[in-house]
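Indexing begins at 1, ligand by ligand and atom by atom, following the structure's order.
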Amino acid sequence: MQRISATALLLMTIAIVWSSTVCLHSQEPVKEQTMNQDTEAISTPGVNDLTIKVVFDNNPYIEGLGTAWGFSALITGTEKTILFDTGGDGSLLLSNMKKLAIEPNDVDVVVLSHIHGDHTGGLAGFLQKNHNVTVFMPESFPKKFKENVQKYGAQVVDVNQPLKICKNVYSTGQLGSWIKEQALIIRTKAGLIVITGCAHPGIVKIVTAAKDLMRDDILLVMGGFHLEWATKGGIEKIISAFKQLDVQYVGPCHCTGEKARSLFEKHFNNNYINIGAGKIVTLADL
Ligand SMILES: [Zn+2]
Ligand SMILES: [Zn+2]
């Protein structure tokens with residue numbers, strides 16, 4: 001994974017040098033904006049029209065869309081249009097976007113869950129199409145990575161503590177001790193949607209953090225659950241924890257692994273969502 005990440009950074013650096021016409025002004029990353037612990041999250045109505053399009057995943061869903069190791073999803077219907085993670089490869093990300101009729105210039109915000117190349121590798125390609133975005137990334141990202149993003153003309157926001165990204169959309173803040181990772185929380189009228197990248201800090205820890213932070217019910221948890229190498233017993237413990245947390249729907253994909261996906265399907269039945277490249281989840285489906 002570290003090798004993939006290093007390659008992605010190298011490719012990004014090469015792309016910047018090659019593309020010498022990009023905006024070269026540099027700026028300091030915006031300091032972390034700690035979530036305002038006021039009553040806004042509780043008093044503002046949650047979104048009632050939301051669409052999540054899975055742009056990049058290693059699991060296939062729609063024929064004709066490319067698959068490769070990684071994850072990326074586009075969220076629309078919220079105040080800002082958000083690209084969560086960028087997959088491992090810019091050209092595949094952009095070609096899948098095109099096939100899904102997504103215009104890169106419509107994206108306002110990019111949220112990067114964690115540093116691994118299968119989540120950040122598509123960023124350089126994306127920024128070449130649209131640098132007019134704010135990129136929220138864990139504060140722990142290397143300085144060089146942040147500078148490279150800024151060289152494209154994009155704004156960088158360091159995330160440490162939980163924070164508000166836009167109306168009804170929040171970050172859990174960077175969690176975990178080894179690989180720091182943030183997850184996205186969307187507050188809907190029907191409950192919270194939590195989207196994870198690889199869930200390195202632990203999927204249950206992430207969902208618990210989201211629930212504690214927002215003090216609301218969990219409608220859906222989707223993304224990579226990082227259970228590829230987990231045992232059946234270990235996965236079943238996680239499924240019971242999900243039930244205890246009263247998670248309504250699950251959409252495990254990316255690094256969740258086939259064994260865990262089928263166990264989640266068995267335990268969640270009709271509330272299991274089969275996620276792969278091209279899958280579209282709307283609030284109306286839940
Ligand atoms: Zn991953
Ligand atoms: Zn990872």
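- Both tests hold for Lys243 against Phe268: distance to the six-membered ring centre under 6.0 Å, angle to the ring axis within 45°.
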Could you walk me through whether Trp69 and Asp118 pass the side-chain hydrogen bond (donor to acceptor under 3.5 Å, both in side chains) check?
CA-CA 6 Å; Trp69 188 253; Asp118 54 326; 3.2 Å; yes
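- Geometry at the Zn ion (ligand 1): OD2/Asp118 and SG/Cys198 form an angle of 150°, nearest 10 degrees.
- Here the side chains of Ile203 and Thr196 are in contact, with some heavy-atom distance below 4.5 Å.
- Within the coordination shell of the Zn ion (ligand 1), defined by N, O or S atoms under 2.8 Å, His254 is present.
- At least one N, O or S atom of His119 sits under 2.8 Å from the Zn ion (ligand 1).
- In this structure, ND1 of His116 and NE2 of His200 enclose an angle of 100° at the Zn ion (ligand 2), rounded to 10°.
- Close placement of the His116 and His200 rings is indicated, their centers lying within 6.0 Å of each other.
- Between Phe225 and Phe242, the distance separating the two ring centers is shorter than 6.0 angstrom.
- At least one N/O/S atom of His114, from backbone or side chain, sits under 2.8 Å from the Zn ion (ligand 2).
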